[in-house]
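In what follows, every chain begins at residue 1, and chains take the letters A, B, ... in the order their sequences are listed.
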There are 2 protein chains.
Amino acid sequence: MARHARYDRQTALAKAVALFWERGYHGSSMKQIEQALDMRPGSIYATFGSKDGLFSEALAAYAEQGSQELKTYLEPAESIIDGLEAYLRGIAQTGTQTQAKPSRACMIVKTLLESSNTHPALAEQANRILANIQQALCEALETAKARGELLASTDCHRLARLLQAQIVAIRSMAERDLAPDELSDLGADVASILESYRVRH
Amino acid sequence: MARHARYDRQTALAKAVALFWERGYHGSSMKQIEQALDMRPGSIYATFGSKDGLFSEALAAYAEQGSQELKTYLEPAESIIDGLEAYLRGIAQTGTQTQAKPSRACMIVKTLLESSNTHPALAEQANRILANIQQALCEALETAKARGELLASTDCHRLARLLQAQIVAIRSMAERDLAPDELSDLGADVASILESYRVRH
DNA sequence: ACTGTTATTGAGTGATCACTCAAGTTATAA
DNA sequence: TTATAACTTGAGTGATCACTCAATAACAGT
């Protein structure tokens, strides 16, 4: 019995992700948000409540899409470890492509580093997301271990932490102005770390 | 033939490092800078030119102090590789201590991620610093190789890049709210990566 | 066509942003 | 002691910050 919303929430959110990922929380002004979403302040506040609320939803959306990307590497792979190594090389390769994404670094890490001493609520959210990702990696590793891909002595929680550190490392180093082959070498070197945890045939 | 400066430049700079390291560029306002340095705006602008200028000098001072810290690990060590591994474990250990430093993450990486799409000049400076550190690591590795600590097949530039990625990783992960032993386990796991490049006895 | 409901608009809010500069203060040189 | 140069002060600058709300527009049901 009333007017339709002119804006699709998911579309607006995707645009917000692009802006915030590129410029960060403090680096994105409401003026820029209005322009990016093609929405007037009233509509933005009616839909998302506040700049904080919009950022928080954007970060959650980013995390969801990142977790889907990891799945696309793990599901088709015969070996989980192969899949993880392909993922590591893949994100190094992606960092190579100029302007393919809003930013080469991970938005979650950017948020964690930017907000840990300025915006506790956002830092907490970034922390939770990273803990969830580590848990997902851990479960993949547990499965790999059960399948006999990993050494029986492997501490999967610990390896998941190491693995997450490597993902963070690649994506942060990708923000440096390295040559494409330097970055893919790094991807290969990082991927090879997993080899020492692998059962040899 | 005139008045002395009331403020010591180095002391003021150290306070600026503490503030910017903690809160980042966009997260630190001139009001907070005035308070942290106990200087009025006129004096700050007379001494450092602008907020940008102050940040830039603070970042350079931070980098210098960081490079000194690395030296304290490398110089007393009999083996360079031992020294590097101790450094990696050391920064993981430091991240454990609550509130020991303004921030657990590296100010250079925080700056790179924060400013890459909002403040090109700062991003460029962070890039240059990271390139210099990588070069220093590379030289240490070359020496280690000449001493027979590293496999002759080692590509030192490439290993230096991997090593820098590990430093970035540990210090970024330190910003997560991990338990002290989780972080030191990560330090140990990261240090052990170097073992596969080492000459066995 | 009319009414009720909801969405959109954009000028405007006070607060805070980085920064300036005329006036005042403190030292040294003559 | 006096003149001059160097440094500090802090109220004030216009711009921009995140955000509000009364007015308007566009739909659904009758």
What does the list of N/O pairs under 3.5 Å between the protein and nucleotides 8-11 of chain D look like, with a distance for each?
residue	atom	partner	partner atom	Å
D/dT8	OP1	B/Arg6	N	3.0
D/dT9	OP1	B/Arg6	NH1	2.5
D/dT9	OP2	B/Tyr7	OH	2.7
D/dT9	OP2	B/Arg40	NE	3.4
D/dG10	O6	B/Gly42	N	3.2

Side chain to side chain donor-acceptor pair (under 3.5 Å) against A/Tyr25, all qualifying residues, sequence neighbours excluded: A/Asp52
Electrostatic pair A/Glu22:A/Lys110 at N-O distance under 4.0 angstrom: no
Protein proximity profile, nucleotides 13-18 of chain D - base contact B, sugar-phosphate-only contact S, no contact -, cut-off 4.0 Å on heavy atoms: ----SS
Summary of side chain to side chain donor-acceptor pair (under 3.5 Å) pairs that have at least one residue in residues 123-133 of chain B, sequence neighbours excluded: B/Ser56-B/Gln125
Pair A/Arg6 + A/Asp38, salt bridge at N-O below 4.0 Å: yes
Short side-chain to backbone donor-acceptor contact, A/Trp21 and A/Leu59, under 3.5 Å: no
Terminal axis angle for the helix from C/dA1-D/dT30 to C/dA30-D/dT1, five pairs an end, nearest 10 degrees: 10°
Presence of salt bridge, B/Arg40 and B/Glu34, under 4.0 angstrom: no
Expected output: side-chain B/Arg104 to main-chain B/Ala174 donor-acceptor under 3.5 Å: yes
Residue pairs passing the side chain to side chain donor-acceptor pair (under 3.5 Å) test where at least one lies in residues 136-146 of chain B, sequence neighbours excluded: B/Gln135-B/Glu139
B/Arg23/B/Glu114 salt bridge by N-O under 4.0 Å criterion: no
Salt bridge A/Glu57-A/Arg9, side-chain N to carboxylate O under 4.0 Å: yes
